[in-house]
Amino acid sequence: EAETRKVEAEKLKGDLDERNKIVDARREEAEADLANAEPALLAAQEAVKSIKRKHLDEMRALANPPKNVQLTISAVAVMIKGIKDPKKIPEWRALRALLRGSTFISDVVGFDPNLLASETREIVNKKYLGLKDFNLETVSRANRACGPLFQWLNSQVNFASIAERVAPLREEVERL
């Protein structure tokens with residue numbers, strides 16, 4: 001009986017070692033993805049910190065903003081407000097009030113991508129980042145503050161996507 005248990009234990013140890021190798025390889029891949037996404041996230045946050053109040057004031061003063069300005073601010077609002085229903089995306093008037101707020105930059109910089117709901121991320125991807133003419137170059141031309149905000153959007157969505165993909169792997173590592 002002891003011999004049988006010993007054989008079973010050795011077999012179980014071999015299976016566990018094999019699973020650990022697979023999990024380690026997947027964990028290294030996931031950590032590499034996160035390590036690549038994190039510098040972009042930090043760089044985007046620094047770029048947002050460098051936005052001057054006068055550039056926000058310029059945007060806020062626009063009664064009928066260029067398309068890319070409105071798209072950028074709208075996408076930022078969706079993210080920081082955690083909007084999960086596309087019907088609740090604010091109009092320009094509400095976006096102007098958001099820009100007027102004294103905490104706009106700090107809300108953007110302090111945003112935690114780990115709290116980004118998948119529904120919100122999906123809205124931002126489909127309604128904004130998936131648009132053909134909505135890219136860093138065209139957005140930066142629309143307003144000087146929009147470029148850093150666009151970079152921030154992109155990096156937040158990218159980081160949150162990777163973190164969501166890695167979450168089951170982290171749980172599996174914990175379980176093992």
Side-chain angles (χ1 to χ4, degrees), residues 23 26-51 55-56 59-60 65-99 101 103-175:
V23 168
R26 287 177 51 205
R27 181 179 35 179
E28 286 176 18
E29 179 184 323
E31 287 174 356
D33 285 348
L34 281 173
N36 290 335
E38 196 168 14
L41 185 70
L42 295 174
Q45 286 174 336
E46 287 302 314
V48 169
K49 285 180 188 176
S50 71
I51 294 174
H55 296 130
L56 293 178
M59 280 193 289
R60 193 180 72 236
K67 179 183 173 188
N68 285 333
V69 169
Q70 186 163 357
L71 288 172
T72 303
I73 303 305
S74 181
V76 169
V78 167
M79 293 263 293
I80 62 177
K81 292 187 174 287
I83 296 172
K84 297 178 183 175
D85 182 0
K87 295 176 187 162
K88 294 185 178 181
I89 295 173
E91 296 293 323
W92 181 244
R93 186 179 215 185
L95 296 173
R96 287 171 74 179
L98 181 70
L99 287 171
T103 62
F104 176 72
I105 296 293
S106 60
D107 289 346
V108 171
V109 171
F111 184 80
D112 183 359
N114 294 312
L115 302 177
L116 181 60
S118 59
E119 299 90 351
T120 303
R121 193 178 69 240
E122 196 171 308
I123 289 172
V124 171
N125 269 329
K126 286 183 180 175
K127 275 192 85 61
Y128 303 102
L129 296 177
L131 296 175
K132 183 181 178 184
D133 293 331
F134 191 61
N135 56 50
L136 181 58
E137 184 182 328
T138 59
V139 167
S140 294
R141 271 189 266 136
N143 179 283
R144 293 186 73 153
C146 286
L149 290 170
F150 181 85
Q151 287 176 305
W152 177 84
L153 277 169
N154 236 348
S155 65
Q156 292 286 332
V157 169
N158 187 30
F159 187 87
S161 297
I162 292 170
E164 184 179 67
R165 193 178 76 229
V166 170
L169 179 62
R170 285 183 177 165
E171 291 170 7
E172 185 178 343
V173 168
E174 290 289 323
R175 199 171 53 246

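For residues 123-149, every residue pair satisfying the salt bridge (Lys or Arg N to Asp or Glu O under 4.0 Å) rule, not counting sequence neighbours, is listed here: E122-K126, E137-R141. Listed by first and then second residue, the salt bridge (Lys or Arg N to Asp or Glu O under 4.0 Å) pairs that reach into residues 67-85 come to none, sequence neighbours excluded.
In this structure, V76 and F150 have side chains that are not in contact, with every pair of non-hydrogen atoms separated by 4.5 Å or more. Using a 4.5 Å cut-off on side-chain heavy atoms (C-beta onward), L41 and P113 make contact.
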Inset, instruction - For the pair T72 and Y128, evaluate side-chain contact (heavy atoms from CB on, under 4.5 Å) and give the outcome as yes or no after the intermediate values. - result: CA-CA 8 Å; T72 303; Y128 303 102; over 6 Å; no

Inset, instruction - Report the C-alpha distance between N135 and T138 in whole Å, list the side-chain angles of each, state the deciding distance to 0.1 Å, and finish with yes or no for side-chain hydrogen bond (donor to acceptor under 3.5 Å, both in side chains). - result: CA-CA 6 Å; N135 56 50; T138 59; 3.2 Å; yes

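In this structure, T103 OG1 and I80 CD1 are separated by 7.5 Å, a value rounded to the nearest 0.5 Å. L149 CG to I105 CD1: the interatomic distance, rounded to the nearest 0.5 Å, is 6.0 Å. The distance from the CG atom of N68 to the OG atom of S74 is 12.0 Å, given to the nearest 0.5 Å. For the atom pair N143 CG and I73 CD1, the distance stands at 7.5 Å (nearest 0.5 Å). With rounding to the nearest 0.5 Å, the separation of CD1 in I123 from CD1 in I83 is 7.5 Å. Atoms OG and CD, on S50 and Q45 in that order, are 12.5 Å from each other to the nearest 0.5 Å.
Remark: the backbone N or O of M79 is not paired with any side-chain donor or acceptor of T120 at under 3.5 angstrom. Side chain of S155 to main chain of Q151: a donor-acceptor pair is present (N/O by atom type, distance under 3.5 Å, no hydrogens or angles). The main-chain N or O of R60 is found under 3.5 Å from a side-chain atom of R96 such that the two form a donor-acceptor pair.
A pairwise comparison of heavy atoms in P65 and V69 identifies CB-CG1, 4.1 Å as the closest pair. Scanning all heavy atoms of the two residues, the minimum distance from A145 to P148 falls at O-CD, 3.4 Å. For G147 against V139, the heavy-atom pair with the smallest separation is N-CG1, 4.0 Å. Pairing each heavy atom of W92 with each of Q70, the nearest pair is CB-NE2, 3.8 Å. Counting all heavy atoms, side chain and backbone alike, A75 lies closest to V124 at O-CG2, 4.2 Å. For L116 against A160, the heavy-atom pair with the smallest separation is CD2-CB, 3.7 Å.
Ring geometry for F111 against W152 counts as perpendicular: the plane angle is over 60°, on a 0 to 90° scale with 30° as the lower cut.
With sequence neighbours excluded, the residues satisfying salt bridge (Lys or Arg N to Asp or Glu O under 4.0 Å) with E164 are R121.
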